[in-house]
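Residue numbers begin at 1 in each chain, while the letters A, B, ... track the order of the sequences. Only a predicted model underlies this, so the values are computations on that prediction, with no experimental measurement involved. Both backbone and side-chain heavy atoms feed into the values below; hydrogens, waters and symmetry mates do not.
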There are 2 protein chains.
Amino acid sequence: MRQDARENRERILAAAEEVFGAHGVTGSTEEVARRAGVGIGTVFRHFPTKGGLIEAALLRHFDHLTARAHALAAEADPAVAWRVLVRAMIESGATKLALISVLTDGRGFPDSAAAAATRLKAAVSDVLRRAQDVGAVRAPVTVEEVYLLIRGLAQASATTPTSPDTLDRAIDVVLTGLSQPTV
Amino acid sequence: MRQDARENRERILAAAEEVFGAHGVTGSTEEVARRAGVGIGTVFRHFPTKGGLIEAALLRHFDHLTARAHALAAEADPAVAWRVLVRAMIESGATKLALISVLTDGRGFPDSAAAAATRLKAAVSDVLRRAQDVGAVRAPVTVEEVYLLIRGLAQASATTPTSPDTLDRAIDVVLTGLSQPTV
DNA sequence: CATTAACCGGAGTCGGGACTCCGATTCTGT
DNA sequence: ACAGAATCGGAGTCCCGACTCCGGTTAATG
């Protein structure tokens, strides 16, 4: 692959994260091209389909989060690791996961993205388990409910303008609810 | 207004709630017409614009929730009222509020819908205040964070197939987090 | 440098969905 | 039952966005 080609690919992916993050899946490919500073044809050569483009952006994002989770699993204090991970997932999701809805909205994406999602879930489970072992999260909590809560806050704060302060307080509510016995 | 016209208007609104609830704003007007059993022209005479149709559906939904909140405010036990209201908002939202994203996704809707949203918020605040007076929710909690949490769970569970059980557990987490002092 | 294979750009095609128009079809008062 | 007005239905228009095509341009190699 030629050097300029690789550079363009990168710029397109970055632009895609911006555009789809801001406008959701409705964002147009042309907008991505414009923001990446390339022609529309270039976008479609790199990613023959809009779906493919979104998939690639998702994959990149998931892999990044997975790496983060792995790093945190090695963290000294599992309770801290847990808080940081949850916060990171919500906050990065708040900007970029508007698109994750696609992933989950009915038809799943093929192979690669699904695989990345699975890897991510495994990594999150790991951090969660450690937190539970230490009592920072109560035992009966499952990854599914955590995911639902995280996705919810991520989507809601991405969809609507939210003050960072409000988001922080909401995250604290969730973390508290996960650690205390249910009322 | 002629009788049949009024009936059609109703059927169209009901169909709109279904369609936009299921497919989000992407749902087509034609699909609404088909499901309402009327021609496309009829839909557009009643609601000259797709936005208008969505707005009308939202308004109806908001007003319904507001009424529910008022009724609950008169409930004997404010703690119970609170739980029921939160649950109702999330669950009805899970089916129908996929469209609420429109309301909040950038440009607000004109007058009527915005006004309905305001009335709803006031009613919710009322129930919340009573719950706080009784100690079922801790005092420093604001309507904003509650809204964020509710919208989040509603959107997330509408967007993605979610088992009722998981949703229930997530709601409990939120309610717990709202009642306990933050960790 | 020259060559050439790979890459870029954007005008053009195609499909889908919002919205319009008007003849056909009902209601409703007398 | 009938006139007349209001309502319906859906074929047709228009625009927008995904995707294709190919002549022009550029990086790499000898």
Side-chain angles (χ1 to χ4, degrees), chain A residues 1-59 98-99 101-103 105-107 109-110 113, chain B residues 1-59 98-99 101-103 105-107 109-110 113:
Chain A
M1 175 135 71
R2 244 165 62 174
Q3 172 104 18
D4 53 348
R6 193 162 26 241
E7 284 174 7
N8 275 341
R9 199 191 137 89
E10 259 316 289
R11 275 199 290 186
I12 290 170
L13 275 179
E17 282 211 15
E18 280 183 43
V19 172
F20 295 136
H23 299 45
V25 210
T26 342
S28 70
T29 312
E30 194 174 345
E31 171 71 17
V32 173
R34 184 170 25 242
R35 198 167 309 202
V38 304
I40 232 195
T42 306
V43 175
F44 276 97
R45 186 158 345 85
H46 283 285
F47 308 94
T49 238
K50 185 183 181 179
L53 175 54
I54 297 177
E55 187 187 346
L58 274 179
L59 201 131
L99 29 152
S101 56
V102 197
L103 212 204
D105 109 339
R107 72 203 68 287
F109 266 48
Chain B
M1 174 136 68
R2 245 166 60 175
Q3 172 105 16
D4 54 345
R6 194 162 26 240
E7 285 174 7
N8 274 341
R9 199 190 137 89
E10 259 317 287
R11 276 199 290 186
I12 290 171
L13 275 180
E17 281 210 16
E18 279 182 44
V19 172
F20 295 135
H23 299 45
V25 210
T26 342
S28 71
T29 313
E30 195 173 346
E31 171 71 16
V32 173
R34 184 171 23 244
R35 197 168 307 204
V38 304
I40 233 195
T42 306
V43 175
F44 276 98
R45 186 157 345 84
H46 283 283
F47 308 95
T49 238
K50 186 183 182 180
L53 175 54
I54 297 178
E55 187 186 346
L58 273 179
L59 201 132
L99 29 150
S101 56
V102 196
L103 212 204
D105 109 340
R107 72 203 66 285
F109 265 48

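- Between A:Lys50 and A:Phe44, the shortest heavy-atom distance links the atoms N-CE2, 4.5 Å.
- Taking 4.0 Å as the cut-off between side-chain N and carboxylate O, A:Arg35 and A:Glu31 count as a salt-bridged pair.
- For DNA chain C, the contact window with chain A, defined by any atom under 4.0 Å from a protein heavy atom, covers C:dA6 to C:dA11 in 5' to 3' order.
- Near DNA chain D, meaning a heavy atom under 4.0 Å from it, residues 33-50 of chain A has A:Ile40, A:Phe44, A:Thr49, A:Lys50 in order of number.
- A:Gln3 has its CD atom 11 Å from the C1' atom of D:dA28, to the nearest Å.
- At whole-Å resolution of the value, CE in A:Met1 and C1' in D:dT26 are 16 Å apart.
- Atom CD1 of A:Ile54 and atom P of D:dA18 are 9 Å apart (whole Å).
- Residue-to-nucleotide proximity on DNA chain C shows that, of B:Arg2 and B:Thr29, the 5′-proximal contact is made by B:Thr29.
- The minimum heavy-atom distance linking A:Ile12 with A:His46 is given by the pair CD1-CD2, 3.9 Å.
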In sequence, state the C-alpha distance, the side-chain angles, and the governing distance for B:Phe20 and B:Leu53, and then conclude on side-chain contact (heavy atoms from CB on, under 4.5 Å).
CA-CA 10 Å; B:Phe20 295 135; B:Leu53 175 54; 4.0 Å; yes

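- In this structure, A:Glu30 places its CD atom 13 Å from C1' of D:dC15, rounding to the nearest Å.
- Under the side chain to side chain contact (heavy atoms under 4.5 Å, CB included) criterion, A:Arg2 pairs with A:Asp4, A:Ala5, sequence neighbours left out.
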